Trainee: 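Let me begin by handing over the structure; questions about it come next.
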Amino acid sequence: MAITKTVVDDKIEVVGDYKSIQVRTATVIKEDGVELTRSFHRRVLDCVSSSYDDSSWTHTDTDISGESTEVQGIASAVWTTDIKNAKKTANENAGI
């Protein structure tokens, strides 16, 4: 009896004006090659995060070094300088 657990990014989507990347991860448990369970977790990656402390804004590019090479490649392709600057402006205007 062999039980295996596999974790894989099974769905990657680019959505919205600022090219947020939605990643769905599937965790699959199998016994002797027969699937017993499958569960999902979803996370969203934005190109930048912004914070304000009393008098100035700080914008930080999202660290994607821990993501799969596929997610990194997509982020590199869609998170252009123009997109990042637009996201920074939107964050500031929203008061985030």
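Each residue takes its place number in the sequence, starting with 1. Treat the numbers as computed from the prediction; the structure is a model and nothing was measured.
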Trainee: Would the number of heavy atoms belonging to other residues, nucleotides or ligands and lying under 6.0 Å from NZ of Lys30 be above 12?
Mentor: no
Trainee: How long is the straight-line distance from NZ of Lys19 back to NZ of Lys87, given to the nearest 0.5 Å?
Mentor: 13.0 Å
Trainee: Does any donor atom in the side chain of Asp63 or Ser65 lie under 3.5 Å from an acceptor atom in the other side chain?
Mentor: yes
Trainee: Which of these passes side chain to side chain contact (heavy atoms under 4.5 Å, CB included) with Arg38: Val28, Thr6, Thr27?
Mentor: Val28
Trainee: Enter the distance from Ser20:OG to Leu45:CG here, rounded to the nearest 0.5 Å.
Mentor: 8.5 Å
Trainee: Determine, step by step, whether Thr25 and Arg43 satisfy the side-chain contact (heavy atoms from CB on, under 4.5 Å) criterion, reporting the C-alpha distance in whole Å, the side-chain angles of both residues, the deciding distance to 0.1 Å, and the verdict.
Mentor: CA-CA 8 Å; Thr25 303; Arg43 64 189 184 282; 3.0 Å; yes
Trainee: Can you tell me how far the CD1 atom of Ile21 sits from the OG1 atom of Thr62, to the nearest 0.5 Å?
Mentor: 9.0 Å
Trainee: If you define the side chain from C-beta out and look only at heavy atoms, does anything of Trp79 sit under 4.5 Å from Ile64?
Mentor: yes
Trainee: Just wondering, do Asp10 and Phe40 contact through their side chains at under 4.5 Å, heavy atoms?
Mentor: yes
Trainee: Can you tell if the side chain of Ile12 reaches within under 4.5 Å of the side chain of Val71, non-hydrogen atoms only?
Mentor: yes
Trainee: Below 4.5 Å, heavy atoms only, C-beta onward: do Asp9 and Glu70 meet side chain to side chain?
Mentor: no
Trainee: Is there a donor-acceptor pair closer than 3.5 Å between any side-chain N or O of Gln22 and the backbone N or O of Glu13?
Mentor: no
